[in-house]
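Reckoned from all heavy atoms, side chains included, excluding hydrogens, waters and symmetry mates. All values derive from a computational prediction rather than experimental measurement. Chain A is the first sequence line, chain B the second, and so forth, proteins listed ahead of strands; every chain is numbered from 1.
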There are 2 protein chains.
Amino acid sequence: MTAQGLDEVFGALADPTRRAILARLASGDANVGELTAPFRMSQPAISRHLKVLERAGLISRRRRATARLSHLEAEPLREAAAWLVGYREYWEESYERLDALLSTLDRREASASTSRSRPGTSAKPKRKGVPDGQDQSHR
Amino acid sequence: MTAQGLDEVFGALADPTRRAILARLASGDANVGELTAPFRMSQPAISRHLKVLERAGLISRRRRATARLSHLEAEPLREAAAWLVGYREYWEESYERLDALLSTLDRREASASTSRSRPGTSAKPKRKGVPDGQDQSHR
DNA sequence: GTCATCTATAACCTTTCTGTTATGTACTGG
DNA sequence: CCAGTACATAACAGAAAGGTTATAGATGAC
């Protein structure tokens, strides 16, 4: 992922309204009106938030009649997560808590089916490389 | 993690200079002068970036003689990652790639010692809950 | 105490962000 | 085709971000 891509994704995620929009889209595609309703904010304001999210690649859009449906595109979230993973070694025991969280989710969705353990994930890593982040871009 | 906390963490990560500073700190604590050197930017500018990182909890600082050392505090990164995990279900096969990445790191750091496998992590999750993000804060 | 060093703050400027209201545009249904 | 619905864009305003230079403050050495 490019430095600018990270700028846009993290920048998009830095706003609570936009995170709420993503959360709403997680439960299904929605048009602008539906996305505007929960907020005390004008429709144009939401349209611009949507544009920010679209530029970051976090949503895609298509027409349906006169409406435009927004669709969650989580790939950039994955890339952001992958970037964070570069610092996983510094989470140390914190990482284990995250891993425990993952396991919890796993178990919950595995329901009564085969239980799946995640062994070997509790070892403490030593210092390794981290993305150098020497992008040096300027405004 | 609070909504404002996420605002600050993601906001801090949205700047390439700040990400580069974090990357530098991953290789050890550093004073302001050392952090300024790699950039074509004044020392006060870096001091302000450091303040943003500090407010987000991403660094802590202590004095050593006349210098002030910055220290990476990765806990907020972990929390940001945990937030992203709320969308893991949408990564689907993408998630498996992230998991593969984790496995790769595991293996690399495990070196010639005991090889550790991560079974059961390739199952595709179904829809679940996602942080609702209805924070509704305003500026 | 005084000097030297390292960092923070003040004051300022420009650009970007985020919201507003008003208006334009695109698509559909009858 | 024309009226209505749904959304986008324009124009504007205020606040925040991010940089600069100049200067103040804190700390250790002597």
Inset, instruction - Check the distance between C:dA8's P and B:H49's NE2 and give it to me in whole angstrom. - result: 14 Å
Legend entry - Test salt bridge (charged side-chain N to carboxylate O under 4.0 Å, His left out) applied to A:E79 - qualifying residues, sequence neighbours left out: none
Inset, instruction - Round to a whole Å and report the spacing from CZ of B:R62 to P of C:dA8. - result: 14 Å
Inset, instruction - Mind calculating the distance between CG (A:N31) and P (D:dA6) to the nearest angstrom? - result: 8 Å
Inset, instruction - Would you kindly compare A:S42 and B:A30 by the position of their nearest DNA chain C nucleotide and give the one closer to the 5′ end? - result: B:A30
Inset, instruction - Please identify each residue that fulfils side-chain contact (heavy atoms from CB on, under 4.5 Å) with B:R64, with sequence neighbours left out. - result: B:L69
Inset, instruction - For A:I46 and C:dT21, give me the distance from atom CD1 to atom P, rounded to whole Å. - result: 14 Å
Legend entry - B:R55 side-chain N/O to B:A12 backbone N/O, donor-acceptor pair under 3.5 Å: no
Inset, instruction - Write down the distance between CZ (A:R40) and P (C:dT21), rounded to a whole number of angstrom. - result: 13 Å
Inset, instruction - Starting from P on C:dC17, measure out to CD on A:E8 and report it in whole angstrom. - result: 10 Å
Inset, instruction - Please check the phosphate of D:dC7 (OP1 and OP2 only) for any side-chain N or O of A:K51 closer than 4.0 Å. - result: no
Inset, instruction - Check the distance between C:dT18's P and A:R19's CZ and give it to me in whole angstrom. - result: 12 Å
Legend entry - For A:R63, salt bridge (charged side-chain N to carboxylate O under 4.0 Å, His left out) partners two or more places apart: none
Inset, instruction - Please list, chain by chain and in numerical order, all residues satisfying salt bridge (charged side-chain N to carboxylate O under 4.0 Å, His left out) with B:R61, sequence neighbours excluded. - result: B:E54
Legend entry - Aromatic plane relationship, A:F10 with A:W83 - under 30° parallel, 30 to 60° tilted, over 60° perpendicular: perpendicular
Legend entry - Side-chain donor/acceptor of A:Q43 to base of D:dA6, under 3.5 Å: no
List, one per line, each side-chain donor-acceptor pair under 3.5 Å for residues 28-38 of chain B, sequence neighbours excluded.
| residue | atom | partner | partner atom | Å |
| --- | --- | --- | --- | --- |
| B:D29 | OD1 | B:H71 | ND1 | 2.8 |
| B:D29 | OD2 | B:R62 | NH1 | 3.2 |
| B:D29 | OD2 | B:H71 | ND1 | 3.2 |
| B:N31 | OD1 | B:G33 | N | 3.1 |
| B:N31 | OD1 | B:E34 | N | 2.8 |
| B:E34 | OE1 | B:N31 | N | 3.0 |
| B:T36 | OG1 | B:V32 | O | 2.8 |

Legend entry - Protein-to-nucleotide contact annotation, 5' to 3' order, nucleotides 25-30 of chain D [B base; S sugar-phosphate only; - none; under 4.0 Å, heavy atom]: -SBS--
Legend entry - For atom CZ of B:R55 and atom C1' of D:dA16, their distance in whole Å: 12 Å
Legend entry - Most 5' of A:R61 and A:R48 on DNA chain D, judged by nearest nucleotide: A:R61
Legend entry - Residue-phosphate contact under 4.0 Å: A:S47 side-chain N/O, D:dC7 OP1/OP2: no
Legend entry - Among C:dT21, C:dT9, D:dC7, the nucleotide that comes nearest once only the side chain of A:P44 is considered: C:dT21
